[in-house]
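First comes the structure, then the notes that go with it.
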Amino acid sequence: MLDIKRIRQEPEVVQNLLNRRSSEYQIQEILDLNERQRQLESARSRLKARSNEISKEIGQKIQSGLSPESEQVQKIKEESNQIKQQINELEPQERDLKTQIQNLLLSLPNLPSESTPVGEDETENVEVRRWGDGYLPENSEKLLPHWEIGEKLGILEFSRAVKVAQSRFVNLIGMGAALERALIRFMLDQQIAAGYLEVMPPVLINSQSLTGTGQLPKFAEESFQCNNDDLWLSPTAEVPVTNLYRDEVLDASQLPIYHCAYTPCFRREAGSYGKDTRGLIRLHQFNKVELVKLVRPEKSAEEHEAIVQNAEAILQALKLPYRVMELCTGDLGFGAAKCYDLEVWLPSSQAYREISSCSNFTDFQARRANIRFKQANKKGTEFVHTLNGSGLAIGRTMAAILENYQQPDGTVNIPEALHPYLKQTVIRES
RNA sequence: GGAGAGGUGGCCGAGUGGUUUAAGGCGCGGCACUGGAAAUGCCGUAUAGAGUGCUCCUCUAUCGAGGGUUCGAAUCCCUCCCUCUCCGCCA
């Protein structure tokens with residue numbers, strides 16, 4: 001959520017930054033409503049002040065022996081009743097304005113950072129760096145896509161997943177399951193060593209949590225919702241982990257907070273029919289190790305670079321070639337001020353495909369989720385900055401390994417970094 | 001699912017219609033005392049919004065949430081949420 005005070009104080013700056021995303025976001029209506037709301041608030045609070053005064057007066061008179069039915073008391077009651085009537089007229093108007101403003105604010109995206117490249121869509125994202133050209137497989141156009149290798153080896157099973165659930169689900173069998181589990185453990189171990197505290201959060205989460213991180217109200221159709229409860233299947237551990245601290249005032253000394261979390265993630269993938277219909281790339285349920293940081297505002301830019309490094313370290317350890325893209329304003333996520341995507345080389349696509357997304361949300365989520373911190377000896381509180389990044393998406397990592405590590409004889413080598421987690425170093429047909 | 005208890009400041013905890021302007025304690029900060037400290041004493045310690053006031057001040061709101069009664073509600077009434085205990089079910 002954007003700061004209404006800032007919108008009021010520098011409307012041009014805010015509008016210009018929003019325009020870098022798209023012309024669909026306008027602040028003028030919010031400004032008008034806010035102006036009106038503040039007028040009402042002033043008027044109402046003046047009336048209320050007088051009314052409080054009267055009540056006190058009556059209290060004193062009754063204390064000093066006057067009967068509540070006496071003429072003196074009745075007379076002031078009359079004035080108070082009139083004031084109450086006026087307040088009763090103003091209050092619903094003000095409440096209505098407040099909800100309107102709140103709803104409009106919730107539907108505005110974060111301001112892109114000054115350094116975010118301006119662009120229309122993903123074609124204008126900027127490549128920042130590339131790693132692992134030496135590990136690019138030769139004659140990669142001849143390699144099988146991961147779903148074919150996986151089914152051949154008997155470790156990925158898609159057709160029965162349709163029976164059990166529906167399309168866009170998978171069964172991992174034997175070494176498939178073992179590899180998934182090894183990846184989860186490896187990534188967690190790495191990130192814990194890098195200083196993140198592991199959390200295993202609920203993956204059923206309430207509406208308020210989804211609103212806190214920005215998935216609601218705009219993106220309701222992207223998540224699975226429970227019928228009989230105010231609960232949703234978590235689309236990413238970002239939501240439960242960031243919301244751990246919702247409505248809390250942290251002590252400045254607690255910051256920065258670093259968490260990593262392995263969770264399954266659930267996404268409806270509405271609007272992506274026909275895209276990536278095969279394989280592990282776009283499933284309704286997938287596993288992910290997520291990194292979440294809560295930091296002091298002045299640190300968030302450098303913490304952002306660090307989180308990208310932490311995600312990159314996994315790809316490097318697995319010797320998977322990748323590139324780092326900075327998203328342009330048109331492709332930037334709703335809550336992000338700045339975002340880097342890591343894209344891994346996927347021979348079947350002959351392209352780099354997103355495997356991690358690392359965002360700096362600045363105070364956008366913190367305002368929605370009301371996560372603040374307090375400095376000793378300083379009046380008031382400040383919103384923290386929140387960041388997160390995938391470290392990494394497990395299914396897509398598995399896909400990248402199956403494709404990049406396949407051998408001419410149809411077997412798949414297991415990356416060295418995973419050897420401590422598995423009983424074998426090659427996946428063969430079984 | 002059934003029955004009961006409860007939700008008050010950073011924390012504990014008192015408070016059944018009007019000096020509650022939320023007692024008291026703990027914690028925290030400052031000062032005094034001290035060679036220094038402990039102990040003790042005194043003072044101060046919430047958040048948010050608004051204001052032609054800007055290191056100060058004024059007003060408003062906030063005792064789980066939302067309504068209601070009343071001149072006046074932490075306190076009375078209604079609805080909802082959450083937590084805990086016991087029973088049932090259950091990995």
Side-chain angles (χ1 to χ4, degrees), chain A residues 1-9 30-106 200 202-212 226-232 240 243-255 264 363 366-384:
Chain A
M1 196 159 61
L2 300 183
D3 182 5
I4 182 73
K5 268 193 209 161
R6 179 157 181 220
I7 295 180
R8 211 162 70 212
Q9 278 159 8
I30 293 179
L31 284 171
D32 296 342
L33 292 172
N34 180 247
E35 176 65 31
R36 176 86 187 114
Q37 182 253 314
R38 279 182 301 133
Q39 282 171 7
L40 288 178
E41 180 171 347
S42 282
R44 195 215 54 210
S45 98
R46 273 196 304 273
L47 288 169
K48 190 70 191 167
R50 176 60 190 145
S51 155
N52 287 345
E53 229 171 80
I54 291 171
S55 297
K56 208 175 282 177
E57 212 177 308
I58 293 177
Q60 278 163 7
K61 285 203 191 324
I62 293 172
Q63 269 320 268
S64 66
L66 269 176
S67 154
E69 274 75 42
S70 70
E71 202 175 315
Q72 268 193 62
V73 173
Q74 290 300 329
K75 219 171 167 181
I76 6 186
K77 274 193 190 179
E78 186 49 36
E79 186 190 347
S80 183
N81 275 327
Q82 280 173 16
I83 292 174
K84 202 159 75 166
Q85 223 173 353
Q86 296 179 57
I87 292 176
N88 284 342
E89 277 170 36
L90 295 182
E91 254 178 353
Q93 292 181 44
E94 195 191 338
R95 206 177 315 141
D96 185 49
L97 284 170
K98 272 190 170 156
T99 32
Q100 281 188 54
I101 293 165
Q102 184 70 5
N103 289 340
L104 287 170
L105 280 176
L106 284 176
M200 230 183 243
V203 293
L204 283 181
I205 55 182
N206 58 35
S207 299
Q208 218 185 329
S209 295
L210 281 162
T211 307
C226 297
N227 264 335
N228 301 320
D229 302 277
D230 176 32
L231 290 170
W232 307 65
N243 276 283
L244 278 177
Y245 301 98
R246 191 177 70 234
D247 293 320
E248 291 195 20
V249 179
L250 303 165
D251 192 279
S253 65
Q254 290 175 262
L255 300 176
D363 62 356
R367 279 180 195 285
R368 289 176 161 244
N370 192 26
I371 307 172
R372 295 171 291 169
F373 72 98
K374 180 163 179 57
Q375 306 211 54
N377 302 323
K378 209 174 152 191
K379 219 176 154 49
T381 58
E382 253 184 283
F383 288 105
V384 302

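Proteins get letters first, then strands, A, B, ... in listed order; numbering begins at 1 in each.
When both distances must be under 3.5 Å, the Watson-Crick or G-U wobble mate of B:C86 is B:G2. Base pairing analysis places B:U34 opposite nothing; no Watson-Crick or G-U wobble pair with both distances below 3.5 Å involves it. The partner of B:A73 cannot be assigned: no Watson-Crick or G-U wobble pair with both contacts below 3.5 Å exists in any strand.
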Go through the steps to decide whether A:Glu41 and A:Gln37 satisfy the test side chain to side chain donor-acceptor pair (under 3.5 Å), and finish with yes or no. CA-CA 6 Å; A:Glu41 180 171 347; A:Gln37 182 253 314; 3.0 Å; yes
Would A:Asn370 and A:Arg368 satisfy side chain to side chain donor-acceptor pair (under 3.5 Å), going step by step from the backbone distance to the final call? CA-CA 5 Å; A:Asn370 192 26; A:Arg368 289 176 161 244; over 6 Å; no
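Within the structure, the salt bridge (Lys or Arg N to Asp or Glu O under 4.0 Å) test picks out the following pairs touching residues 72-83 of chain A (sequence neighbours left out): A:Arg50-A:Glu79.
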Taking N or O atoms only and anything under 3.5 Å, show me the protein contacts with nucleotides 7-12 of chain B, one pair per line.
none

Between protein and nucleic acid, restricted to nucleotides 51-56 of chain B and to nitrogen or oxygen atoms under 3.5 Å apart, what atom pairs and distances do you find?
residue, atom, partner, partner atom, Å
B:G51, OP1, A:Arg38, NH1, 2.8

Within the sub-3.5 Å range, which N or O atoms of nucleotides 82-84 of chain B have a protein N or O partner, and how far apart are they?
none

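The distance from atom CG of A:Asn34 to atom C1' of B:G49 is 11 Å, rounded to the nearest whole Å. Put simply, CE on A:Met1 is 13 Å from P on B:A48, counting in whole angstrom units. The separation between A:Gln102 atom CD and B:A48 atom P is 16 Å, rounded to whole Å. If you measure from atom CZ of A:Arg372 to atom P of B:U47, you get 8 Å, rounded to the nearest angstrom. B:U47 atom P lies 13 Å from atom CG of A:Asp251, rounded to whole Å. Between the CG atom of A:Leu231 and the P atom of B:C81 there is a distance of 13 Å, rounded to whole Å.
Here A:Lys61 lies out of heavy-atom contact (under 4.0 Å) with every strand.
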Counting primed atoms plus P, OP1 and OP2 as sugar-phosphate and everything else as base, spell out the protein contacts along nucleotides 60-78 of chain B at 4.0 Å heavy-atom distance: B, S or - for each nucleotide, 5' to 3'. SS-----S---BS------
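Evaluation of the ring-ring contact (aromatic ring centres under 6.0 Å, His included) rule for A:Phe373 yields no partner, not counting sequence neighbours.
Looking only at atom types and distance, the side chain of A:Gln85 has no donor-acceptor partner in the side chain of A:Asn81 under 3.5 Å away.
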